[in-house]
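A short write-up of the structure that comes next.
In the text below, chain A, chain B and the rest are named by the order of the sequence lines, each starting its count at 1. What you see is a predicted model, and the numbers here were worked out from it, not measured in a lab.
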Number of protein chains: 2
Amino acid sequence: MAIAGDSLRVRLEDVARAASVSPKTVSRVLNDEANVSDATRKRVLASMEAMDYRPHPSARSLAGNRSFLVAMLYDNNDNPASTYLAEIQDGVLEACDEHRYSMMVRPLRMRGDDFIRRLDALISDHHPDGVVLTPPITDYAPLLKRLRERNVPYASVSPMLRNGVIGVTMDEQAAARAIVEHLLALGHRRIAHVIGIADHGASRWRLAGYREAMAAAGLPEDSELVVQGGLRSAPVSPPRANSLRWSSGPLPCSPPTTTWPPVSWNARRASSTR
Amino acid sequence: MAIAGDSLRVRLEDVARAASVSPKTVSRVLNDEANVSDATRKRVLASMEAMDYRPHPSARSLAGNRSFLVAMLYDNNDNPASTYLAEIQDGVLEACDEHRYSMMVRPLRMRGDDFIRRLDALISDHHPDGVVLTPPITDYAPLLKRLRERNVPYASVSPMLRNGVIGVTMDEQAAARAIVEHLLALGHRRIAHVIGIADHGASRWRLAGYREAMAAAGLPEDSELVVQGGLRSAPVSPPRANSLRWSSGPLPCSPPTTTWPPVSWNARRASSTR
DNA sequence: CTGAAAGCGCTTACAG
DNA sequence: CTGAAAGCGCTTACAG
């Protein structure tokens, strides 16, 4: 009886023999390195395909000193919207797959004094090549500081402070404005705004967009129509918003500020010493 | 500039030197193996602690031929309740942490003819030591068959067919019955039941429990009060259930059928050849 | 453009 | 109860 899924492992060395090249050459092809003739590359690729070769991730990590691992960090205490996190998670996963990275998810509650220790343990235990941050920990200064100290690249989803941060954002303000303008165009005048989690930058920008559109339409702000929604730590009853209805129609949003994975991750690595 | 998080790695060998023992002995302590004197074990543990030693997961995987990885498989197409999946995910994660396993999540849509190929790729690429299945793929025969063929242990959350399967279930029928009985005790008589995703065993058992309680109370079944809810593939409007209210109070549920991780995983491994 | 040698940090299989 | 040697499957650093 063989170990799970390990009956007949094909190794890089086997591919090399089949293609009549050295292991190093197969490694070059595997990693898209230069200095391989087209003919050789083609031959190696054919052998890999024919033998259904799959590089062993642990061997690659150990020898190459990189984990091919992205850790997604979230605070499921301060961000109760699991649907939101699930969508981000699926997106990160998809991107990781494309680049042949694996992904791990880590709930990391900001509250609690051992936050940094748990972050350190995560890094030491799993050596992620990079981490993805979700609101609100995108803006938690001690976290960012520690990641920089330990030289772990990070990308942020919708961070509040965008300067110099790699990540994905959209123009929340313009989007909120567009929603309100859409409702205005439909003839509505009493338009409410439910404020999101206060710690999130998106909440502020959306409120600003709402106010902007209302003001532009000459409508005075009605404090009754602007309410704080969203859970913080203790569950509260959801805001009464029965009068709100979704409208269909496209929303303008700016493209992500960067592609993923961040180009600079490779750059960083290239300039590293072992 | 050092590689991310890798400035001053402490290796098993370093611990061995500090504790004046061989690497093999440290390995024994690390893996809770027998044949180490208490004094030696204590000394090694002290050194590990003092040096904040963290075994390198890739080295362990490569040499030991096990990944310390559990893959959680789900179908986020047929199971639209991301909150449900998120809760399971957090639970699996917690259990993995306790046992020093890492976890990866994998959406795996049943529809699509390349299902098995994607499963194979997952196994070959990541070598999970075991997988956790969530409804409805807990009962997808081709999946289970392939897992057995490739000798990958699996545990199922609330599977429809429980015979011989390792996993976690609760007495859904008794729980539904208890809910209905609670409502009956409050004096209600018009009690509706929204049927869950038809593929899930839980949906059937809950319906059975509802019917049981209603019948026991001598109430005839009103077909208007039993409606199919839940999304399948195409989104439909949610069932009208405004008359339903949550009641508080404890629900009876049987303990999980097994502990986690399944004992048999280790047994399986022990009987394996390399 | 290609390859031989050494090494990553652990565990296995064996010996005592 | 303890350890010396070999090896897991890759990559690095170097040589040509």
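- Distances were taken from every side-chain heavy atom of S27(B) (C-beta onward) to each of dT11(C), dG3(D), dT2(C); the shortest belongs to dT11(C).
- An OP1 or OP2 oxygen of dC1(C) is reached within less than 4.0 angstrom by no side-chain nitrogen or oxygen of S37(A).
- Counting non-hydrogen atoms under 4.0 angstrom, P55(B) reaches the backbone sugars and phosphates but no base.
- Across all strands shown, dA13(C) remains unpaired; no Watson-Crick or G-U wobble contact has both distances below 3.5 Å.
- In this structure, the nucleotide among dT11(D), dT2(C), dC10(C) sitting nearest to the side chain of N31(A) is dT11(D).
- Considering only side-chain atoms of A59(B), the nucleotide from dG3(D), dG3(C), dG9(C) that sits closest is dG9(C).
- For V36(A), whose side chain is taken as the heavy atoms from C-beta onward, the closest listed nucleotide among dG9(D), dT2(C), dG3(C) is dT2(C).
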Determine, stepwise, if the pair S37(B) / T40(B) fulfils side chain to side chain donor-acceptor pair (under 3.5 Å). CA-CA 5 Å; S37(B) 75; T40(B) 306; 2.7 Å; yes
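- A close approach under 4.0 Å does not occur between any side-chain nitrogen or oxygen of N65(A) and OP1 or OP2 of dT12(D).
- Residue S22(B) places its side chain closer to dG3(D) than to any other of dG3(C), dT2(C), dG3(D).
- A side-chain donor from one of N31(B) and R60(B) sits under 3.5 Å from a side-chain acceptor of the other.
- Between the CZ atom of R17(B) and the P atom of dA4(D) there is a distance of 13 Å, rounded to whole Å.
- Using the Watson-Crick or G-U wobble rule with both distances under 3.5 Å, dA4(D) pairs with nothing in any strand shown.
- Proximity of Y53(A) to the phosphate of dG9(D): no side-chain N or O atom is located under 4.0 Å from OP1 or OP2.
- In this structure, S58(A) OG and F68(B) CZ are separated by 10.0 Å, a value rounded to the nearest 0.5 Å.
- Rounded to an integer number of Å, the gap from N35(A) CG to dA13(D) P is 16 Å.
- To the nearest angstrom, P of dC8(D) lies 15 Å from NE2 of H127(B).
- Phosphate proximity of dC1(D) to T40(B): absent, as no side-chain N or O sits under 4.0 Å from OP1 or OP2.
- Looking at D120(B) and R150(B), a side-chain N of the basic residue comes within less than 4.0 Å of a carboxylate O on the acidic one, giving a salt bridge.
- A cation-pi arrangement is absent between R117(A) and F115(A), since the terminal nitrogen or guanidinium carbon is not both under 6.0 Å from the aromatic centre and inside a 45° cone about the axis.
- Remark: P of dC10(D) and CZ of R66(A) are 15 Å apart, rounded to the nearest angstrom.
- Taking the side chain of K24(B) as heavy atoms from C-beta on, and the options dC1(D), dT12(C), dG9(D), the nearest nucleotide is dT12(C).
- Set against dC1(D), dG3(D), dC8(C), the side chain of L62(A) has dC8(C) as its closest nucleotide.
- A salt bridge links D125(B) with R54(A); the closest basic N to acidic carboxylate O contact falls under 4.0 Å.
- Spacing between atom NZ of K42(A) and atom P of dT2(C) amounts to 14 Å, rounded to whole angstrom units.
- Distance from the side chain of R9(B) is smallest to dG9(C) among dT11(C), dG9(C), dC1(D).
- Looking at heavy-atom distances under 4.0 Å, S61(A) makes no contact with the nucleic acid at all.
- Residue contacts shown for S58(A) are absent, as no nucleic acid heavy atom lies under 4.0 Å away.
- Comparing dG3(D), dG3(C), dT11(C) by their closest approach to the side chain of V21(A) singles out dG3(C).
- Rounded to an integer number of Å, the gap from D38(A) CG to dT2(C) C1' is 15 Å.
- The separation between H56(A) atom NE2 and dC10(D) atom C1' is 10 Å, rounded to whole Å.
- Summarising the geometry, the separation between CZ on R11(B) and P on dC10(C) is reported as 8 Å, rounded to the nearest angstrom.
- A salt bridge links D97(B) to R106(A): at least one charged side-chain nitrogen sits closer than 4.0 Å to a carboxylate oxygen.
- Among dC10(D), dG9(C), dT2(D), the nucleotide with an atom closest to any side-chain atom of R60(A) is dC10(D).
- Between the side chain of R28(B) and the base of dG3(D), at least one donor-acceptor pair of N or O atoms lies under 3.5 Å.
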